[in-house]
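Data first, discussion second: the structure below is written as C-alpha cells.
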Amino acid sequence: MARRTLPGFLLAPALAFGAVLGLAPAPAQAAVWSSCDRWGNTGLNGYTLYNNIWGSGAGAQCIWANSGTNWGVWADHPATSGIKSYPNAKKVIGKPIGSLSSLSSSYNVSVPSSGDYNTSYDIWDTDYDYEIMLWVNHHGNVGALGSYQGNATLGGHTWAVYKGNNGSNEVFSFLRTSDSSSGTVNILPILKWIKDTKGWMGNETIGDVQFGYEISGAPGGLDFVTNRLTVSGS
C-alpha cells in the first residue's frame, strides 16, 4: 500500500522521537549515521536513507546506516491493524521505461521470525500516479491491496500479482510466491510487462526505486537489517 514519500514530507516539521533515543540496540559496527526522528533522512553513496514512520498508532523506531547499501532498523510498533512505517533506501532513476536499457537490484536481508511486515521494493513514477511493489518476503498479518490477477514469472522470480487503487494512485503488487532473504531482481521486464503486456500504464518516467520494510507490527522491538543492497539502471 502507498505510503508518504520523502519529497512531499521534507516540508513537514521533523517530529523527533526524543524519548526513545538510546533504546534501539546498536548495529554490529559503529554506524556512520542514525536517527530516531520520525522523518529522519540522509544521503549516503548515492542513496537516500529514510526512517519514514508515516502511519497512525506507531511506536518507536530508529534507523542506522554504515553506508547507503548496508543499513538497518529497530522498530517497536504495536500489533494493531495498519501500516506504521516504511523505512527504506531510495535510488533515483529519472528515465522513461522505454528509454531504460536495464534496471535491476540485488538484496540480502536479515528479518525477524515474528511481527507483521513485508520486505519490498516500492517503485514510483515521477508524478506518483503509479506504485509498483515487489515483495520478496513477508510475515504475519499483512496482505496486498487490490484483487488477485494471477501469477507471473518475471525478472527471475514468480509472483502473485495484485492490482488496486488506494484513492491516490494505482498500486500494482507483486508478491514472491516463496520468501527470499537474498537474490537479484531484474526490474525492467516487470515494468515492461505492466506497460506493454497488460496496458496498465503508459511510458511513465521512473523516479524512485525504494527498498525497505513495510512494518505493521513489531511488538517488543524487532531488528530488520539490509546486509547488502544495490540498485542500478541505465
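Reckoned from all heavy atoms, side chains included, excluding hydrogens, waters and symmetry mates.
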- Note on the structure: Distance col, row L103:CG vs S232:OG, nearest 0.5 angstrom, shows 7.5 Å
- Distance-only side-chain donor-acceptor flag, T226 / R228, under 3.5 Å: no
- Which distance, rounded to the nearest 0.5 Å, do you find between the CG of N70 and the CG of N108? 10.0 Å
- Message: Looking at every heavy atom in both G68 and L49, which two are closest together, and how far apart are they?
- Response: CA-CD2, 3.8 Å
- Message: So does S216 get a backbone contact from the side chain of D116, meaning a donor-acceptor N/O pair under 3.5 Å?
- Response: no
- Query: Any idea which heavy atoms bring M201 and L191 closest together, and the distance?
  - Reply: CE-O, 4.2 Å
- Heavy-atom donor-acceptor pair, D76 side chain to G220 backbone, under 3.5 Å: yes
- Can any side-chain N or O of S180 pair as donor or acceptor with the backbone N or O of S182 at less than 3.5 Å? yes
- Determine, stepwise, if the pair L100 / S102 fulfils side-chain contact (heavy atoms from CB on, under 4.5 Å). CA-CA 5 Å; L100 285 165; S102 66; over 6 Å; no
- Establish, yes or no, whether the cationic atom of K195 lies under 6.0 Å from the six-membered ring centre of W200 and within 45° of the ring axis. no
- Derivation and outcome, side-chain contact (heavy atoms from CB on, under 4.5 Å), residues I132 and F174: CA-CA 8 Å; I132 300 97; F174 292 71; 4.1 Å; yes
- Test Y213 against every option in Y50, W71, Y117 by the ring-ring contact (aromatic ring centres under 6.0 Å, His included) rule and name the one that passes. W71
- Task: Please state whether the rings of Y130 and F172 are parallel, tilted or perpendicular, taking 30° and 60° as the class boundaries.
- Result: parallel
- Do T126 and T205 have a side chain donor and acceptor closer than 3.5 Å? no
- Query: Which residues pass the side chain to side chain contact (heavy atoms under 4.5 Å, CB included) test with V225, sequence neighbours left out?
  - Reply: W64, S110, N227
- Query: Can W193 be reached from I206 by stepping across I, L, V, M, F, W or Y side chains whose heavy atoms are under 4.5 Å apart?
  - Reply: yes
- Message: To check you understand the geometry: which heavy-atom pair defines the closest contact between S56 and K84, and what is its length?
- Response: O-CD, 3.3 Å
- For the pair S181 and V109, evaluate side-chain contact (heavy atoms from CB on, under 4.5 Å) and give the outcome as yes or no after the intermediate values. CA-CA 5 Å; S181 60; V109 301; 4.3 Å; yes
- Query: Atom OG in S85, atom CD in Q61: separation rounded to 0.5 Å?
  - Reply: 3.5 Å
- Message: To check you understand the geometry: which heavy-atom pair defines the closest contact between D37 and N51, and what is its length?
- Response: O-ND2, 2.9 Å
- Message: Under a plain distance cut-off of 3.5 Å, with no hydrogens placed, do S120 and E214 share a side-chain donor-acceptor pair?
- Response: no
- Derivation of the side-chain contact (heavy atoms from CB on, under 4.5 Å) call for S105 and Y121: CA-CA 9 Å; S105 178; Y121 292 90; 2.7 Å; yes
- Judged by atom type as modelled, is there a donor-acceptor pair below 3.5 Å linking the side chain of D223 to the main-chain atoms of W74? no
- Message: Can you tell me how far apart CD (E170) and CG (D125) are? Round to the nearest 0.5 Å.
- Response: 11.0 Å
- Task: Establish, for the pair K91 and Y47, whether the NZ or CZ atom is under 6.0 angstrom from the six-membered ring centre and no further than 45 degrees off its axis.
- Result: yes
- Closest heavy-atom pair, I97 versus G202, reported as atoms and distance to 0.1 Å, is CD1-O, 4.1 Å
- Message: For G59, is there any backbone N or O sitting under 3.5 Å from a side-chain donor or acceptor partner on H77?
- Response: yes
- Query: Checking side chain to side chain contact (heavy atoms under 4.5 Å, CB included) against E131, which of D208, I123, N169 comes through?
  - Reply: N169
- Message: Would you say V209 ends up clustered with L188 if hydrophobic residues are merged whenever their side chains have heavy atoms under 4.5 Å apart, either directly or through other cluster members?
- Response: yes
- Query: Which pair of heavy atoms, one from R176 and one from V136, lies closest together, and at what distance?
  - Reply: CD-O, 3.8 Å
- Task: Identify the residue among W135, Y107, F211 that makes a side chain to side chain contact (heavy atoms under 4.5 Å, CB included) with T119.
- Result: F211
- Query: Got a donor-acceptor contact below 3.5 angstrom from the N165 side chain to the G167 backbone?
  - Reply: yes
- Under 3.5 Å donor-acceptor, N52 side chain and Y86 backbone: yes
- Quick one: which of T177, L175, L134 gives a side chain to side chain contact (heavy atoms under 4.5 Å, CB included) with W159? L134
